[in-house]
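First up is the structure itself, then whatever we jot down about it.
The basis for the numbers below is simple: all heavy atoms, side chains too, and nothing from hydrogens, waters or symmetry mates. A quick note: this is a predicted structure, and the numbers were derived from the prediction, not measured.
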2 protein chains.
Amino acid sequence: MKIGVVAARTGVAVHVLRHWEDEGVVVPDRTAAGHRDYTEEHVSRLRIVRSCQRVGLSLASIRLILHRDEAGRTEVIERHLQHVRNQKNELDAAEAFLTHVLTCRHDLMSRCDSCSAYAAG
Amino acid sequence: MKIGVVAARTGVAVHVLRHWEDEGVVVPDRTAAGHRDYTEEHVSRLRIVRSCQRVGLSLASIRLILHRDEAGRTEVIERHLQHVRNQKNELDAAEAFLTHVLTCRHDLMSRCDSCSAYAAG
DNA sequence: TCTTGACCTCAGGTCGACCTGAGGTTCTAG
DNA sequence: CTAGAACCTCAGGTCGACCTGAGGTCAAGA
């Protein structure tokens, strides 16, 4: 499958696909003429890259996750798992705060209990 | 309160505090000599900045959230609220995926139901 | 007073993740 | 067999959020 087709199917721009290859994240095969040649497996992985990016993983981490042979993989994944779990709590707090500030009428956050609670982390 | 004291209290480096001021996020008062002078209210806001950053908000967005008079504030906050809610689902999916890949033995993700499910996500 | 540390501004560098353009090759429809 | 689309590499630019260093001012103790 050619890069343009993959870009259309995944919604990932051509130059981004090339960038991800440069970073070793998803590396397609090549045709005799040197054109990138993607399989369905590559497409699967591309979608996983986007999903991982949405939760804040860097390309370097994603590369690690996608390549079972890389050193330190387990540690990195466990670190990210921990981070993902913490993030849920962060998000709950942030949701409460954002909901609150929409209607908060205090001029000083330090005098508003809800705002102070969020500041206290 | 001087910038060095604030840095020590909040764990935010001095140069970062100056950067946040440049970006209009938390702007301290000044002493007669031109030194930055922070109040407890500023410190509260600094902590809120860090919390917001942890859920991925940009300094520009945080500035908006902290300044009730800025135009488009409500819309931006509601957009972020929506994003925060979506993020929780993303995190659940990511947690399941990361937990899975730790022990997944398939060479091809496209042939692994769990991996494919995440790619489809 | 004098020193030393904390403060100031301003310019320029770094890093990750793209994005753009130049200049050249390959594929495909007519 | 040729035009134009799609592909290629490589160099350089952008953006957000810092980070570092130069060169100078201000403040508090010996």
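Residues Q53(A) and R50(A) have side chains that bring a donor and an acceptor to within less than 3.5 angstrom of each other.
Mapped onto DNA chain C by nearest heavy atom, W20(A) and H35(A) fall at different nucleotides, with W20(A) at the one closer to the 5' end. The residue among V5(A) and L59(B) whose nearest nucleotide of DNA chain D is located toward the 5' end is V5(A). Toward the 5' end of DNA chain D, the nearer of the two residues R50(B) and A33(B), judged by each one's closest nucleotide, is R50(B).
At the heavy-atom level, Q53(A) lies under 4.0 Å from the strands shown only through sugar-phosphate atoms. Heavy atoms of R18(B) sit under 4.0 angstrom from at least one base atom.
Here the options are R45(B), R47(B), R9(B), the test is salt bridge (Lys or Arg N to Asp or Glu O under 4.0 Å), and the partner is E40(B); only R9(B) passes.
Put simply, NE2 on H19(A) is 15 Å from P on dT9(D), counting in whole angstrom units. The distance between atom CD of E21(A) and atom P of dC8(D), rounded to the nearest whole Å, is 8 Å. The OH atom of Y38(B) sits 7 Å away from the P atom of dC8(C) (whole-angstrom rounding). Here the C1' atom of nucleotide dC8(C) and the CZ atom of R36(B) are 7 Å apart, to the nearest Å. We find that NE2 of H15(A) is positioned 10 Å from C1' of dA17(C), with the value rounded to whole Å. Following rounding to the nearest Å, E23(A) (CD) and dG16(C) (P) show an atom-to-atom distance of 8 Å. As a whole-Å value, the separation of M1(B) CE from dC7(C) P is 12 Å. Taking atom CZ of R30(A) as the reference point, atom C1' of dA6(D) lies 14 Å away to the nearest angstrom.
In the set dA17(D), dC7(C), dC8(D), the nucleotide with an atom closest to the side chain of K2(B) is dC7(C).
Taking 4.0 Å as the cut-off between side-chain N and carboxylate O, E90(A) and K88(B) do not count as a salt-bridged pair.
In this structure, W20(B) and I62(B) have side chains that are not in contact, with every pair of non-hydrogen atoms separated by 4.5 Å or more.
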Dump the intermediate steps for side chain to side chain contact (heavy atoms under 4.5 Å, CB included) on L46(B) and I48(B), then the final yes or no.
-> CA-CA 5 Å; L46(B) 291 171; I48(B) 287 172; over 6 Å; no

